[in-house]
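Shown next, in C-alpha cells, is the structure this report addresses.
Here the structure is a predicted model, which is why all the values come from computation and not from measurement. Hydrogens, waters and symmetry mates are skipped; everything else that's a heavy atom, side chains included, is used. Chain naming here is simple, since letters A, B, ... match the order of the sequence lines and numbering starts at 1 in each.
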2 protein chains.
Amino acid sequence: MAFSAKTEYGIVSLVELAAIYEQGGVLQVAEIAHRQSIPDRYLEQMLTSLRRARILRSIRGPKGGYQLARPPAEITIADVVNCLEGDQSARAAASRDTPEFDVLAALQEQLDQAHAAILSGTSLQDLLEQRDQRIQAQAMYFI
Amino acid sequence: MAFSAKTEYGIVSLVELAAIYEQGGVLQVAEIAHRQSIPDRYLEQMLTSLRRARILRSIRGPKGGYQLARPPAEITIADVVNCLEGDQSARAAASRDTPEFDVLAALQEQLDQAHAAILSGTSLQDLLEQRDQRIQAQAMYFI
DNA sequence: CCGGATCCCCATCGATGTAGTTGGGACTAC
DNA sequence: GTAGTCCCAACTACATCGATGGGGATCCGG
C-alpha cells in the first residue's frame, strides 16, 4: 500500500528535522526541499499542515525555519499520516446493506487495524535510527 | 485502507458464487448486480476480468451465467485483489535517492507484507463462512 | 526604521484515475 | 431464428493529486 506524495514528503522532512532536534536547530523549507528534490512551494503546504497539527513549530523571519514540536520518540508515523492523508474530510463508508458487503467491511477493518498497528508502533525516532544505520553502512563501503 | 469499487464488487460477487459452488449452479450478472445494488453493465467488466484470470468460468446463452472455476477454499482474496486492482500496469516506485526515502521505502515494504499476509491468508471459503454466521445471527433476532 | 529573508494563506491548474455508461457483437438453448 | 446471455471496447463525467503562483505577515540585521 502506497503513501501519497504528501505523506512521503512529510515523513522524510520530519526525519531530517528529527536528526537535528537534539541541537535545537532549525531547517528551512527551501533547504529540505533541495536536499530531497521536492518542489519547495509544494512542501510548504505539508509543513504548514504539520504545524497546524502541532507536530512542527515554525520560526519566521531571516534565520527562521521549522523544528519538531516535541521529541522524535513522541511522534508516531500514525500522527503524520493522519495529518497529511486524512485532511480532506471524512471518507463515507456507505457499504451496501447485504451480508456479503458486511463481511467485506469486516475484512477491511482487519486490514486497517494491521495498518494502524504498524504506523502507531513506529516513531520518528525509529526511522531516524534506521537512517543513521544506513548512513553508517554506506560509509563502510568507502573504507 | 480502502478497496476500490471494482474490488469490492468483485469480492461480494465471488462470495455469492461461492455459496452455490457445491450445487454447481450458476448466477447471472444481472441477478448478482440486482441483489447487491451494483450497476450491471459495470459489474460485467469485473466478472470478465475474473474470468480472464481463471477465477471464474462462464456459460453463454439462455440459462447461462458464472460460476467459480475452483473450490472457494482455493481462491484467496489476494488473487482477487491482484486481478482487479493490479490490472493497470506497474506502479513505479521511483523513490528519491536519499537515506530518508530509503527508510520510508522499508516502512512501506513492511506495510505491504502485513497487507499481503492478510489477503493471501483469507480465502473465499473464509468469507463465505463468516457470511453464513452473520445470516444465522440475523435469523436469531426474528425468533 | 528599512530591506530582505522567511513563513503564511488561498486560489488555480493540468494530468491522471475512477466509476459508470453505451453501443454493439458472438454464442447457445429452445 | 429468436431471445437470452455473455463478450469486447470505446467513451464520458467527475474527483483527486501533484504542483504552481500571487500576494501578505512577520522578524532580524544594519
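- Taking a cutoff of 4.0 Å between a charged side-chain nitrogen and a carboxylate oxygen, B/R70 and B/D79 qualify as a salt bridge.
- In this entry the distance linking CD of A/Q67 with P of C/dC7 reads 12 Å, nearest Å.
- Here the NE2 atom belonging to A/H34 is positioned 13.0 Å from the CD1 atom belonging to A/I32, to the nearest 0.5 angstrom.
- The distance from the NE2 atom of B/H115 to the CG atom of B/L119 is 4.5 Å, given to the nearest 0.5 Å.
- Put simply, the side chain of B/D126 gets close to the backbone of B/S123: a donor and an acceptor are under 3.5 Å apart.
- In this structure, B/L47 places its CG atom 12 Å from C1' of D/dC7, rounding to the nearest Å.
- OP1 or OP2 of C/dC8 has at least one side-chain nitrogen or oxygen of A/S58 nearer than 4.0 Å.
- Summarising the local packing, CD of A/Q138 is surrounded by 12 or fewer heavy atoms from other residues, nucleotides or ligands at distances under 6.0 Å.
- Here CD of A/E100 is found 12.5 Å from CD1 of B/I11. Values are rounded to the nearest 0.5 Å.
- In this entry the distance linking OH of B/Y66 with P of D/dT5 reads 13 Å, nearest Å.
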Under 4.0 Å protein heavy-atom contacts per nucleotide of nucleotides 19-30 of chain D, with B for base, S for backbone only and - for none: BBBBB-BBBB--
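- C/dG17 atom P lies 14 Å from atom CD of B/E85, rounded to whole Å.
- A side-chain donor from one of A/Q108 and B/E8 sits under 3.5 Å from a side-chain acceptor of the other.
- Remark: A/Q23 CD is packed, more than 12 non-hydrogen atoms of other residues, nucleotides or ligands lying under 6.0 Å away.
- Between A/K6 and A/E85, none of the side-chain N atoms (NZ, or NE/NH1/NH2) sits under 4.0 Å from a carboxylate O, so this pair counts as no salt bridge.
- The distance from atom CD of A/E31 to atom P of C/dT6 is 9 Å, rounded to the nearest whole Å.
- With rounding to whole Å, A/M46 atom CE is found 14 Å from C/dC9 atom C1'.
- Taking atom CG on A/L56 and atom C1' on C/dC8, their separation rounds to 14 Å, with Å as the unit.
- Here the side chain of B/Q28 is nearest to one of C/dC7, D/dT5, D/dC7, namely D/dT5.
- Neither OP1 nor OP2 of D/dC7 sits under 4.0 Å from any side-chain N or O of B/R52.
- Within residues 10-25 of chain B, no residue is approached by DNA chain D to less than 4.0 Å at the level of any non-hydrogen atom.
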